[in-house]
Participant: 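Have a look at the structure that comes next, please.
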Amino acid sequence: MKKIVYFDNNATTQVSPSVFEAMVPYLTEHYGNASSAYRIGRRTREAVEQARAQVAALLGCEPREIVFTGCATESNNTAIHSALQTTGHRHVVVSAVEHSAIKNHAEYLERLGYGVTYLPVAADGTLTVKQVEEALRDDTAIVSVMWANNETGVTFPVAEIGELCRSRGVLFHTDAVQVVGKLPINLAELKIDFLSLAGHKFHAPKGVGALYVRRRVKFVPYVIGGHQEKGKRGGTENVSHIVGLGQAAVEAQKHLAEETTRVRALRDKFENTVLASVPDTFVNGNREQRTPNTSSLAFSGIEAEALLIMLDQYGVCASAGSACTTGSVEISHVLQAMGVPKERAVGTLRFSFSAYNTEAEVDYVLGILPAIVAKLRAESASAVKLKERLDAGENITEGLSLASV
Ligand SMILES: *Cc1c(COP(=O)(O)O)cnc(C)c1O
């Protein structure tokens, strides 16, 4: 098999070998139910509590403030649900660029008759505290804005937004999925009531997440059932995955410095070289106020999905900012909210890096990208046509003499 160059770490990440190793005993010998009284149950219970302490250490909070969930989507849903139930208020404030795990929940609440304010963002994807302040109402139950955007990496001023919300007595939740393991987080110094994270975005497996619930904040569960997680989330604990999440948190802490130096340098080298070597390319979003691993690049005059198909021929994985599978282009709500011109939005690709990427991989992609973009532009190639040609057995990389990694 051809080597894969994986530049799509905001979509998901590989499970780190030591995370996998830590998990295995809990899929084999230590299968006891963490709620059982006998010894193998105690063993798994202790493992869950160790993982809770490990996640808490990464976030700078107390272990009892961590609730394990099935995914960040569940964590996000839970925070908003709890705030609406405990306050009895019927208005929520979110940004216009939230992940679908918030956006679609907010739209669902609107259909149920709740009030939702969607805060617009500036052309560079940023949001101000003043915008949040102006959106607050007497019946606002919760403000929920992401810490960093998954498409552009642009960060929001959550420390200041937290201060504002606390001073107004409004609950504050942040979807921190794209920040955990990439930027330092110290909840002890922040006025945040709820924070969501997903294991699979920082080298734990899919299917496990966590919700930070600040102590003394009133809480009602979303998944109602047994008394697991001290009554905060029903359902038998997914012990192996929780153990994996704990180990990933330990490693994230260790790798934090590397993320903000070596990974940032890889991203910057990639981005700057693309801008210099491929004409009519642009960065979406504020280049200073963003996570160190993300680059959202607009290539004018091409369909992003066509570029993805070509890159895939060379084993390179990235993500399109807009979907054009059916021939008509659906522009991402994030790029739309930023007012990115349609031509650029259609040609936007997201490259997202991790500590598992190397400079050799960056050099490889930099070596092939300019020729691929030039070919697609010259042929005005559409993704749909490229797929048809691939299906017909045609060599779509014909005429491109490119090195292999
Ligand atoms: C990936 C992601 C989620 C959803 O995580 P799941 O594990 O799929 O539930 C939520 N928010 C952001 C910002 C994400 O990047």
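All residue numbers refer to positions in the sequence shown, counting from 1. Every number for a ligand or one of its atoms is a count from 1 in the order of the listing.
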Participant: Among all protein non-hydrogen atoms, which one is nearest to atom 4 (C) of ligand 1, and what is the separation to 0.1 Å?
Facilitator: His99 CE1, 3.6 Å

Participant: Hey, which atoms in ligand 1 end up nearer than 4.0 Å to a heavy atom of Ala198?
Facilitator: 7 (O)

Participant: Among Ser352, Ser100, Ala72, whose heavy atom sits nearest atom 5 (O) of ligand 1?
Facilitator: Ala72

Participant: Given Thr69, Asp175, Leu197, which has its nearest heavy atom closest to atom 13 (C) of ligand 1?
Facilitator: Asp175

Participant: Please work out whether the ring planes of Phe351 and Phe7 are parallel, tilted or perpendicular, with thresholds of 30° and 60°.
Facilitator: perpendicular

Participant: Using a 4.0 Å heavy-atom cut-off, say whether Thr73 meets ligand 1 through its side chain, its backbone, both or neither.
Facilitator: both

Participant: Do Phe202 and Leu245 make a side-chain contact, defined as non-hydrogen atoms from C-beta onward lying under 4.5 Å apart?
Facilitator: yes

Participant: Check Lys201 against ligand 1 and report side chain, backbone, both or neither, counting heavy atoms closer than 4.0 Å.
Facilitator: side chain

Participant: Salt bridge or not for Arg233 and Glu74, using N-O below 4.0 Å?
Facilitator: yes

Participant: Looking only at non-hydrogen atoms, which of Lys103, His200, Gln178 approaches atom 15 (O) of ligand 1 most closely?
Facilitator: Gln178

Participant: Is it the case that more than 12 heavy atoms not belonging to Lys342 sit under 6.0 Å from its NZ atom?
Facilitator: no

Participant: Quick one: sort the Phe194 and Phe219 rings into parallel, tilted or perpendicular, breaks at 30° and 60°.
Facilitator: tilted

Participant: Can you tell whether the side chains of Glu65 and Arg215 come within less than 4.0 Å, N to carboxylate O?
Facilitator: yes

